[in-house]
Amino acid sequence: VQLQASGGGLVQAGGSLRLACAASGRTSSIYVMGWFRQSPGKEREFVAYITWSGSSTYYADSVKGRFTISRDNAKNTVYLQMNSLKPEDTAVYYCALGPYMETLPRNYDYWGQGTLVTVSS
């Protein structure tokens, strides 16, 4: 499975961005798609996940109410709509695939290359 993340960029605080993660290859094995982020000097942290059926989503407390994860199965793509962005949201954002509804990065098997989101104050 290959993952291609896109949509990062520079935005002012309070602005919005939408990230996309396109999956290719053996997508029949997809169960959960997660988004994680990593800032310089910090560990990679969970942001949100969605089951491929779309029946379940889960968010980190830090983004709940501001970010929305969704998927388009026909395009094998998962999106992360990020609203009301804050400077502390600045990070490289990664998408990942895993077999379980998990929040720990080590439980995800496939990773995209990351896309940089920079929020200026």
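Being a predicted model, the structure only gives us computed values, none of them experimental.
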Interatomic distance, [X] atom [atom1] to [Y] atom [atom2] [nearest 0.5 angstrom]:
X	Y	atom1	atom2	value
Glu88	Ser121	CD	OG	10.0 Å
Phe46	Leu104	CZ	CG	10.0 Å
Phe67	Thr57	CZ	OG1	14.5 Å
Thr115	Gln113	OG1	CD	7.0 Å
Tyr108	Leu3	OH	CG	12.0 Å
Leu80	Tyr93	CG	OH	7.5 Å

Contact summary for [X] and [Y], nearest pair of heavy atoms:
X	Y	result
Thr77	Ala20	CG2-CB, 4.1 Å
Arg71	Val78	CB-CG2, 3.8 Å
Asn83	Ser16	OD1-OG, 2.9 Å
Cys21	Trp35	CB-CZ2, 3.6 Å
Asp72	Tyr79	CB-CE1, 4.0 Å
Ser120	Leu10	CB-CD1, 4.4 Å

When you check the gap from the basic side-chain N to the acidic O, do Lys64 and Asp61 get nearer than 4.0 Å?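 Yes, this pair counts.
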
Run the side-chain contact (heavy atoms from CB on, under 4.5 Å) test on Met82 and Arg66 for me, step by step, so that the C-alpha distance in whole Å, both residues' side-chain angles and the decisive distance to 0.1 Å come before the verdict. CA-CA 6 Å; Met82 306 185 296; Arg66 300 188 297 122; over 6 Å; no

Please say whether the positively charged group of Arg44, taken as NZ for Lys or CZ for Arg, lies over the ring of Phe36, i.e. under 6.0 angstrom from the six-membered ring centre and within 45 degrees of the axis.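 No - Arg44 does not lie over the ring of Phe36 by the 6.0 Å and 45° rule.
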
If you define the side chain from C-beta out and look only at heavy atoms, does anything of [X] sit under 4.5 Å from [Y]?
X	Y	result
Tyr59	Ile50	no
Gln81	Ser70	no
Ser62	Arg37	yes

Report yes or no: do Trp111 and Leu116 belong to one cluster of Ile/Leu/Val/Met/Phe/Trp/Tyr joined by side chain heavy-atom distances under 4.5 Å?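 Yes, Trp111 and Leu116 fall within the same hydrophobic cluster.
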
Pick from Asp89, Ile69, Val63: which one makes a side-chain contact (heavy atoms from CB on, under 4.5 Å) with Val47?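 Exactly one option meets the side-chain contact (heavy atoms from CB on, under 4.5 Å) with Val47, and it is Val63.
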
Can Thr51 and Met101 be said to form a side-chain contact (heavy atoms from CB on, under 4.5 Å), step by step? CA-CA 7 Å; Thr51 56; Met101 293 185 285; 3.6 Å; yes

